[in-house]
There are 2 protein chains.
Amino acid sequence: MRLRQINIATSYQEVFQQLESAILKGSIKIGETIPTEAELCRIFGVKRSSVREGIRLLEQSGLVARGAGRRLIATAPATDRTSENFIRSATLNAVTLRELWRVERELEALACRLACEVARSEHLDRLAANIKETRRSAGDPKATTRLDMEFHRLLSQATGNRALTIARDPLGILLYASTDFLIARLDQSTGRLITAHENILAAIRAKDVDLAVLWMTRHMDDFKRGCTMSGADFDQPISDFVDHETLAALIRAQPETSLP
Amino acid sequence: MRLRQINIATSYQEVFQQLESAILKGSIKIGETIPTEAELCRIFGVKRSSVREGIRLLEQSGLVARGAGRRLIATAPATDRTSENFIRSATLNAVTLRELWRVERELEALACRLACEVARSEHLDRLAANIKETRRSAGDPKATTRLDMEFHRLLSQATGNRALTIARDPLGILLYASTDFLIARLDQSTGRLITAHENILAAIRAKDVDLAVLWMTRHMDDFKRGCTMSGADFDQPISDFVDHETLAALIRAQPETSLP
DNA sequence: GAATGCCGTTTGTCAGACAATGTGACAAAT
DNA sequence: ATTTGTCACATTGTCTGACAAACGGCATTC
């Protein structure tokens with residue numbers, strides 16, 4: 001005889017699960033409004049407090065957001081939700097800069113390979129514009145760092161691979177936030193950074209996979225060297241490099257990466 | 001004169017943010033109990049409904065969970081929270097099997113490289129045990145598929161790189177769930193699967209990076225061939241291969257990957 | 001036609017209550 | 001001595017009812 005764990009869901013969890021299913025399977029389409037709280041009370045046969053608590057769970061999952069008025073509309077969770085979670089998880093598990101960097105290095109290389117394959121000109125133009133702006137930002141390390149992060153984000157979008165974008169985004173944000181702390185690093189190396197970006201873009205334009213990956217790898221190794229040279233211990237947990245307030249601000253400041 | 005966007009947080013959001021900060025910066029340590037709702041009411045000066053709605057946000061973030069009794073304790077969000085989010089995002093953005101597979105292929109290769117570097121014998125033994133069990137599972141495709149997923153999860157843990165584990169886990173779950181649907185595929189190829197796993201493990205034991213990556217790449221390409229041969233269109237969104245109920249069950253069934 | 005003010009609707013919050021469930025201690029039974 | 005029954009207590013889950021603030025939409029005004 002096999003008996004199983006008893007697991008009774010509370011009312012508010014039931015509210016969450018039913019609405020979540022409805023959104024994920026498309027009964028409620030993205031952009032549609034969710035019924036009002038009063039209506040949900042009628043539908044589910046529970047009181048407003050339970051409905052509201054269930055809605056909070058949806059809210060934190062990124063499945064609903066307040067649209068025009070205060071009505072809730074169904075939304076597809078963008079990369080920033082996954083980023084939030086990744087960042088919380090990485091922070092509390094004391095993930096080190098080295099671990100983060102190693103994975104990011106590989107994903108950036110993959111981004112280069114994929115970009116060479118699909119590379120639409122509109123995406124490449126955006127990258128070119130980013131480089132141009134980066135050159136103008138010389139002398140403003142904070143802006144340079146931000147544009148660097150933006151370059152890599154644009155590159156991942158240029159691949160058209162949304163799994164890559166979703167997976168890479170949080171890593172990019174965390175690395176950026178950590179090095180923002182070590183900003184002195186950049187003063188010396190803005191030149192090298194621009195050179196690397198330019199060469200990467202040129203290689204992608206030429207569809208030269210190996211060259212693009214080579215330059216990207218150099219770029220990432222430069223990044224590491226810069227960190228260690230400015231005294232950072234690559235084996236310290238990221239929470240030593242960046243406080244949570246900064247991270248929270250960063251997450252919310254993301255330009256809501258669109259996944260076409 | 002520079003005026004900025006006004007952004008007033010509601011009471012329950014404020015409750016969430018303050019508790020989130022406290023946990024992330026360690027004022028409330030992982031494993032500690034959160035004050036009772038009544039106490040939080042006193043502390044924050046708001047009513048229970050607001051406190052409770054704030055707690056729901058924490059709950060969905062994976063920052064708290066019900067411990068012994070019904071008291072809430074602070075928890076470090078494990079990989080399954082990030083997985084949930086990734087999966088919702090990937091599903092609703094209609095990410096295709098191809099996109100997913102391409103990224104997973106790269107991360108698995110990285111896992112091989114890192115495993116060759118650090119490879120502690122206890123982890124390798126676990127992989128060996130998994131292969132042994134896989135061999136016993138011949139004839140039970142469902143079990144084989146599950147053990148295959150488990151192999152890759154164990155491998156990523158063997159790298160000691162928690163950023164990799166957190167990033168890879170959701171991809172593994174999604175790919176597994178999608179192919180569970182195409183289970184016939186496996187009947188023909190369990191042999192090849194075991195051979196691949198064995199060769200990967202042997203190469204890692206011998207610290208032969210190139211060989212390990214080579215076998216892993218073959219293994220992943222086999223996977224793709226198996227999918228297409230059993231009639232799957234690799235360019236269809238994953239939601240065509242797996243319904244949400246299955247995914248939700250999978251997420252909850254995860255053995256709560258520990259990040260040491 | 002665009003700006004303004006009013007009104008119904010919906011949400012955010014409060015106030016208070018009760019039942020269900022879990023804890024801990026202690027007595028009773030095996 | 002270990003297990004079981006019982007009880008008081010703490011805490012959570014849910015309900016009831018209410019009100020102010022904020023918003024959309026509509027009629028009004030210039």
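As a basis for the values below, the full set of heavy atoms in this structure was taken, side chains included, without hydrogen atoms, waters or symmetry mates. As the structure is a computational prediction, the values presented were derived from the model and not from experiment.
In this model, the phosphate group of C:dC14 is approached by a side-chain N or O of B:S50 to a distance below 4.0 Å at OP1 or OP2. In terms of phosphate contacts, A:T36 brings no side-chain nitrogen or oxygen within less than 4.0 Å of OP1 or OP2 of C:dT9. For C:dC14, the OP1/OP2 oxygens have no side-chain nitrogen or oxygen of A:R52 closer than 4.0 Å. A close approach under 4.0 Å does not occur between any side-chain nitrogen or oxygen of B:S11 and OP1 or OP2 of C:dG12. Close to C:dT13, at under 4.0 Å from its OP1 or OP2, lies no side-chain N or O of B:K47.
One atom, CG of B:L72, and another, P of C:dG22, lie 14 Å apart when rounded to the nearest Å. One can place CG of B:L40 at 12 Å from P of D:dT11, the figure rounded to the nearest angstrom. In this entry the distance linking CD of B:E37 with P of D:dG13 reads 6 Å, nearest Å. If you measure from atom CD of A:Q13 to atom P of D:dG13, you get 8 Å, rounded to the nearest angstrom. Separating the CD1 atom of A:I34 from the P atom of C:dT10 is a distance of 15 Å, rounded to the nearest angstrom. When the P atom of C:dT11 is taken as reference, atom CZ of A:R66 falls 9 Å away, rounded to whole Å. Going from atom CZ of A:R71 over to atom P of C:dT11 covers 6 Å, rounded to whole Å. Computed from coordinates, the A:F44 CZ to D:dC15 C1' distance equals 18 Å when rounded to whole Å.
Using a 4.0 Å cut-off between charged nitrogen and carboxylate oxygen, B:R56 and B:E53 do not count as a salt-bridge pair. Classification of B:R102 and B:E99 as a salt-bridged pair fails, no side-chain N sitting under 4.0 Å from a carboxylate O. Using a 4.0 Å cut-off between charged side-chain N and carboxylate O, A:R136 and A:E133 make no salt bridge. Under 4.0 Å is where a charged nitrogen must lie from a carboxylate oxygen, and between B:R146 and B:E150 no such pair does.
The side chain of A:V46 has D:dC15 as its nearest neighbour among C:dG12, D:dC15, C:dA15.
A:I43 CD1 to A:T36 OG1: the interatomic distance, rounded to the nearest 0.5 Å, is 8.0 Å.
With hydrogens and angles ignored, no donor-acceptor pair under 3.5 angstrom links the side chain of A:R48 to the base of D:dG17.
Summary of the strand contacts: A:R56 and A:I8 both lie near DNA chain C, and taking for each the nucleotide with the nearest heavy atom, the more 5' one is attributed to A:R56. Mapping B:S49 and A:P35 onto DNA chain C by nearest heavy atom places A:P35 at the nucleotide closer to the 5' end.
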